[in-house]
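Each chain gets a letter, A, B and so on, in the order the sequences are listed, and its residues count up from 1.
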2 protein chains.
Amino acid sequence: MRLLIIEDEPGIAGFLKDGLEEEYFAVDVAYDGKSGLDHAMTNEYDLIIIDWMIPVISGIEVCRQIRKSGSVVPIMFLTAKDTLEDVLFGLEAGANDYIKKPFAFEELLARIRVQLRSKHQGDDSLRAGHLNINPGTHQVFYETSEITLTPKEFALLEYLVRNKEKVCTRSRIIEHVWDIHFDSDTSVIDVYITFLRRKLEHAGCGNLIQTIRGVGYIIRES
Amino acid sequence: MRLLIIEDEPGIAGFLKDGLEEEYFAVDVAYDGKSGLDHAMTNEYDLIIIDWMIPVISGIEVCRQIRKSGSVVPIMFLTAKDTLEDVLFGLEAGANDYIKKPFAFEELLARIRVQLRSKHQGDDSLRAGHLNINPGTHQVFYETSEITLTPKEFALLEYLVRNKEKVCTRSRIIEHVWDIHFDSDTSVIDVYITFLRRKLEHAGCGNLIQTIRGVGYIIRES
DNA sequence: GGTTTTTTTAAGCCAATTTTAAGTTTCAGC
DNA sequence: GCTGAAACTTAAAATTGGCTTAAAAAAACC
């Protein structure tokens, strides 16, 4: 589990880093908002801890920017404030939890575990490269832009991505996506592959679906 | 919003059910741990309230079992204890919040609202663009003008806004807003979407609710 | 108990999606 | 390079599903 801590006070940052590393987390530290945001955007973390009051860019703004990029990484705030108003303000900016300073390390740890648990199990999205598919909401994203698909288009793409790196034969596709179990000489698959390719291309995600002539199709990560 | 209460004292259970239904939640009650766990596993709730001390299976064990199944539903504990030790124990078991008995109904309500807010998605407040929803007073404002909604209209709009930027499927809507859990070919949703759109349009807030054909609806900020 | 408001049902219409079908292009093997 | 099979593209037909309206049923209010 990889964590990012954005905290300017070296004392607190060091205390957190050491304590969390003892718990076998991989911990990065950033000492201001700008550098923290930089880290968050260029690396993949399992959780981010942000102090409310940090230099250059405020904690709340960092949080907002991270959410704006489409990331759903769990974010926890460290704050000296704990009026209901401030808490709500933080939650609105996209935070998942907050903890008031001074805090017991034990409590922080327990709350981190709650967040990690809930995030990991809640995220059942499928991926292929920068393409993200969420079967729960029927949404597809390429990087940060959403691709709107019809139900059949979605079902086909979902099947291909679930079986990425594997060749999907035409007969398997027609069975799994169309639920047709007898031989038929339909060309729906061709048509829908065309639809999908067009929409993916338009979103900047060209060349994802490759043809295996005489057999079927395949999606490769690279 | 659909809640489950697991509480063996009929007095408290009834008091909670009535009070929460007055606030337009859909409320189910279970009177022991076993039946509560059963409900939790076979239905989808937005939040679960569990008493620490209940018969057959303890509250803490019910909580653990729910988490073990992979569910991330917010769980709140009712408890007579509130030492740090007990709180940590509850958090470890997978709870999101706890409230000490005896409690004020108002406080419970506020905590429920915080959980619902923070859970559904990071940047979720009950706002969508210039639309403002107040679950406490059941009022809706667009900019400065109030929009008068019936209870069902309000519940539907609230559910959509709580899940803004996410697709709300027809089956989820019928479960969480109408509390209907079997397949039915009703068209109430369509009708209420029409009602809402008409009232929103009339207030100058057109185009808020978008249709995802074959799937459901979504509210987007922009 | 009657009146008003809210909720649900049902039916016709329209638009988006899905399928069919036909013409065009690409590719592998000769 | 030729040839035939497979895949691609396009347009039009068929189907499905959502929107709207009106009226019936249920609930809330006096």
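- Summarising the geometry of A:K152 relative to A:Y192, their closest heavy-atom pair is CB-CE2, 3.6 Å, with the distance given to 0.1 Å.
- Nearest-nucleotide positions on DNA chain D place A:T211 closer to the 5' end than the other of B:F195 and A:T211.
- Summary of the strand contacts: B:T150 and A:P151 both lie near DNA chain C, and taking for each the nucleotide with the nearest heavy atom, the more 5' one is attributed to B:T150.
- Here D:dA7 presents its P atom at 17 Å from CG of A:L196, a figure rounded to the nearest Å.
- Ring-centre distance between B:Y159 and B:W178: not below the 6.0 Å cut-off.
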Check your understanding: Could you go step by step and tell me if B:D46 and B:R2 meet the salt bridge (charged side-chain N to carboxylate O under 4.0 Å, His left out) rule?
Key -> CA-CA 5 Å; B:D46 297 292; B:R2 194 168 173 222; over 6 Å; no

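- As a whole-Å value, the separation of A:K152 NZ from D:dT15 P is 14 Å.
- The listed nucleotides are D:dG18, C:dT9, D:dT9; the one nearest the side chain of B:D190 is D:dG18.
- In terms of phosphate contacts, B:R197 brings no side-chain nitrogen or oxygen within less than 4.0 Å of OP1 or OP2 of D:dG18.
- Side-chain nitrogen and oxygen atoms of B:W178 include at least one within less than 4.0 Å of the OP1 or OP2 phosphate oxygen of C:dT8.
- Side-chain contact annotation: B:N132 with B:Y142, donor-acceptor N/O pair under 3.5 Å absent.
- Toward the 5' end of DNA chain C, the nearer of the two residues B:Y192 and A:E153, judged by each one's closest nucleotide, is B:Y192.
- For the pair B:R170 and D:dG18, the criterion of a side-chain N or O lying under 4.0 Å from OP1 or OP2 is met.
- The base of D:dG18 lies outside donor-acceptor range of the side chain of B:R213, with no N or O pair under 3.5 Å.
- To the nearest angstrom, P of D:dT9 lies 11 Å from CD1 of A:I209.
- Among the atoms of the strands shown, base atoms are found under 4.0 Å from some heavy atom of A:S187.
- Residue B:Y217 is classed as a sugar-phosphate contact, given heavy-atom separations below 4.0 Å to backbone atoms only.
- When the P atom of C:dT8 is taken as reference, atom CG of B:D179 falls 12 Å away, rounded to whole Å.
- Taking atom CD1 of A:I174 as the reference point, atom C1' of C:dT19 lies 11 Å away to the nearest angstrom.
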**Study point:** Criterion side-chain contact (heavy atoms from CB on, under 4.5 Å) on B:I66 and B:E61, from CA distance to verdict
**Key:** CA-CA 9 Å; B:I66 291 171; B:E61 190 52 33; over 6 Å; no

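- Whole-Å rounding puts the A:R198 CZ to C:dT17 P distance at 14 Å.
- Residue A:T194 is classed as a base contact, given a heavy-atom separation below 4.0 Å to a base.
- Across the protein-nucleic acid pair, B:E201 atom CD and D:dC19 atom C1' stand 15 Å apart, rounded to whole Å.
- Rounded to a whole Å, the CD atom of A:Q210 is 18 Å from the C1' atom of D:dA6.
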